[in-house]
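Worksheet for the structure shown next.
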Amino acid sequence: MGLTRREEQVVRILAGGATNQQIAASLRVREQTVKNQLSRIYAKVGVRNRLELAVHAVRHGLGSADGRGW
């Protein structure tokens with residue numbers, strides 16, 4: 001199962017180094033919504049935490065290798 005466009009947005013912002021609070025502000029949603037989305041993303045991608053997700057994102061072209069992006 002692939003990621004939705006919104007989930008990809010969350011991953012891109014996270015891979016740029018943003019906190020959940022910053023992701024929520026950027027997407028104009030509640031922080032709890034971001035936490036829920038991240039839980040679903042972790043399950044879909046097969047990672048356990050945000051660091052693993054950020055590494056996965058960079059490897060698959062959803063994040064920047066230099067850490068700049070948010």
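With H56 as the partner, the side chain to side chain contact (heavy atoms under 4.5 Å, CB included) test is satisfied by one option alone out of V45, L62, V11: V45. Of the residues Q37, R48, R50, the one that meets the side chain to side chain contact (heavy atoms under 4.5 Å, CB included) test with Y42 is R50.
Around the CD atom of Q32, the shell of radius 6.0 Å holds more than 12 heavy atoms that belong to other residues, nucleotides or ligands.
The distance from the CG atom of L27 to the OG1 atom of T33 is 10.0 Å, given to the nearest 0.5 Å. K44 NZ to T4 OG1: the interatomic distance, rounded to the nearest 0.5 Å, is 5.5 Å. Atoms CD1 and CG, on I41 and L14 in that order, are 8.0 Å from each other to the nearest 0.5 Å. Within the model, atoms CD of Q22 and CD of E31 stand 10.0 Å from one another, a figure rounded to the nearest 0.5 Å.
The minimum heavy-atom distance between A57 and A15, with the atom names listed, is CB-CB, 3.9 Å.
For the pair E8 (side chain) and R5 (backbone), a donor-acceptor distance under 3.5 Å is absent.
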